[in-house]
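Here the structure comes first, spelled out in structure tokens, and everything after it is commentary.
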Number of protein chains: 2
Amino acid sequence: MAEGSKRQARKIPEATVARLPIYLRSLLEAAGDGLPTISSERLAELSGFNAAKVRKDLSYLGSYGTRGVGYDVEYLQYQMSRELGLTKDWHVVIAGLGNLGHALANYGGFGDRGFPVAALVDADPRVVGTDINGITVRHIDELDAIAAESQIDIGIIATPASAAQEVADRMIAAGVSSILNFAPTIVSVPAEVSLRKVDLAVELQILSFYQQRRGGAGSTSSLPPETAAAPPAG
Amino acid sequence: MAEGSKRQARKIPEATVARLPIYLRSLLEAAGDGLPTISSERLAELSGFNAAKVRKDLSYLGSYGTRGVGYDVEYLQYQMSRELGLTKDWHVVIAGLGNLGHALANYGGFGDRGFPVAALVDADPRVVGTDINGITVRHIDELDAIAAESQIDIGIIATPASAAQEVADRMIAAGVSSILNFAPTIVSVPAEVSLRKVDLAVELQILSFYQQRRGGAGSTSSLPPETAAAPPAG
DNA sequence: CTTTGTGAACGGATTCACAGCT
DNA sequence: AGCTGTGAATCCGTTCACAAAG
């Protein structure tokens, strides 16, 4: 470490970042084993990746392992939580309380894990005012006011596709800079906002592709049986 | 390997496959414009990618465009649907009818889009026998029988993490070869089974990482007092 | 010994840039 | 002229393989 700030300006590739939560969860499991340390081999097993990848990924966080021994479970857990920003709570607003939004709002183990639901919003006057899991649904026009009352960090869009972009825009205007979009549509956000999406229809269609390649049951199948398509999962 | 079937031995990279559903959806939107053709430029706009990527992706399907003109919307839509295996229905079973499973089962626009819900299963005797959206929940032990009654192509796991692997194993034993896992845990499947996962907690933690990097506010607090980070034990 | 940490090789995906067709 | 289709260049992520460290 040359001169300069102690704050590391480490790069950490996007692909690695996406795996950190899995490692963290695996460490939690590993902690149950009672062993104080864990090898890259074992961590690979628990997380479903391979040892080389695990070591490379962890090396981006720093040299937290001990050669010949492995990684200290507790310490690594701490470092990873810190790196992921899980040492503080991030407040979440859920927009759209149809089937999915409702399920998300009712899901308890949310606030437990550092992402407390700070507010629920919807555009439908029949939904506004109702109570879900102890939180009163407010009108989406109040977003600015809500954000002024309490910091909102993450917005979850669970509206119909037609409303998603508008809702995203309002969230961003209210100061939200991380968005998780469940609506089946493209949402555009400025570069300084993080956007991730979860799209059920897309997932099913991807599965459909490989299922068909495999000559999946059904009537129309007529591909060679030797079709050995690589599955999409890592 | 040599020559052989004239059936396409096209490769289609995984990354491209994952984008096809988005293109298809964009084409649906484009159809509303009334224009018979669409350029890679416009399709890029609608799908949120860039024109070079669109052209490269579409080239894997075949040369379906016309230079100087663009792609025929309807024809491309058809070819893409065919490639994705959307010309037939794929039957879905949903396992686990808690918050999420319930929401998924209630979501209508599922069967409409070629993925009819053929069965619902759960392990909880209090849930078994209840009716959701016109379908009676059956016990998970009946999976083999259910699969024998009607072809099941895709299994959706919406159980608690602790049950996910066991449920996946049972699905596979019953002949399901595509699985979409919503449970927050690693599920292992043999190479000939496709597995995709949707993990809310992981998504939130990824957002947390970038939010923190950005210097996002967030409320201080709450990690065990032990947070003083003991270096690796000696 | 064992297991990490990492340069180097590899392979896949994205972007560039232009040849080729309409 | 306009726009696709695609080799070539580039970027990014994964895997290899081994030196370094306990």
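Here is how names work: the chains are called A, B, and so on, in the same order as the sequence lines, proteins then strands, and each is numbered from 1.
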Can you tell me if [X] touches the phosphate of [N], counting only side-chain N or O atoms and a distance under 4.0 Å to OP1 or OP2?
{"X": "A:R55", "N": "D:dC18", "result": "no"}
{"X": "B:S40", "N": "D:dC3", "result": "no"}
{"X": "B:N50", "N": "C:dT14", "result": "no"}
{"X": "B:K56", "N": "C:dA13", "result": "no"}
{"X": "A:Y71", "N": "C:dT2", "result": "no"}

Problem set entry | A:S59 or A:G68, whichever maps to the more 5' nucleotide of DNA chain C |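 By nearest-heavy-atom nucleotide position, the 5'-most residue is A:G68.
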Value in whole Å for how far the [atom2] atom of [N] lies from [atom1] of [X]:
{"X": "B:K53", "N": "C:dA17", "atom1": "NZ", "atom2": "P", "value": "17 Å"}
{"X": "A:D57", "N": "C:dT6", "atom1": "CG", "atom2": "P", "value": "13 Å"}
{"X": "A:L43", "N": "C:dT3", "atom1": "CG", "atom2": "P", "value": "14 Å"}
{"X": "B:E41", "N": "D:dT4", "atom1": "CD", "atom2": "P", "value": "8 Å"}
{"X": "B:I38", "N": "D:dT4", "atom1": "CD1", "atom2": "P", "value": "10 Å"}
{"X": "A:L61", "N": "C:dT4", "atom1": "CG", "atom2": "P", "value": "14 Å"}
{"X": "A:E14", "N": "D:dG13", "atom1": "CD", "atom2": "P", "value": "7 Å"}
{"X": "B:L58", "N": "C:dT15", "atom1": "CG", "atom2": "C1'", "value": "16 Å"}

Exercise. If you measure from the Lys or Arg side-chain nitrogens to the Asp or Glu carboxylate oxygens, is any gap between B:R213 and A:E83 under 4.0 Å?
Worked result: yes
Checking contacts here: which listed nucleotide ([options]) is nearest the side-chain heavy atoms of [X]?
{"X": "A:R67", "options": "D:dT14, D:dT4, C:dT4", "result": "C:dT4"}
{"X": "B:S63", "options": "C:dG5, C:dT15, D:dG5", "result": "D:dG5"}
{"X": "A:S39", "options": "D:dT6, C:dT4, D:dT4", "result": "C:dT4"}

Would you check if there is a donor-acceptor pair between the side chains of [Y] and [X] at a distance under 3.5 Å?
{"X": "B:Q79", "Y": "B:Y75", "answer": "yes"}
{"X": "B:R25", "Y": "B:S47", "answer": "no"}
{"X": "A:R55", "Y": "A:S40", "answer": "yes"}
{"X": "B:Y23", "Y": "B:D57", "answer": "yes"}

Exercise. Looking for any heavy atom pair under 4.0 Å, which part of the strands does B:Y64 touch: base, sugar-phosphate only, or nothing?
Worked result: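 Contact class for B:Y64: sugar-phosphate only.
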Exercise. Reckon A:R42 touches a base, only the sugar-phosphate, or nothing at all at heavy-atom distances under 4.0 Å?
Worked result: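 The residue A:R42 makes no contact with any strand.
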Problem set entry | Comparing B:G65 and A:Y60 on DNA chain D - which has the more 5′ nearest nucleotide | B:G65
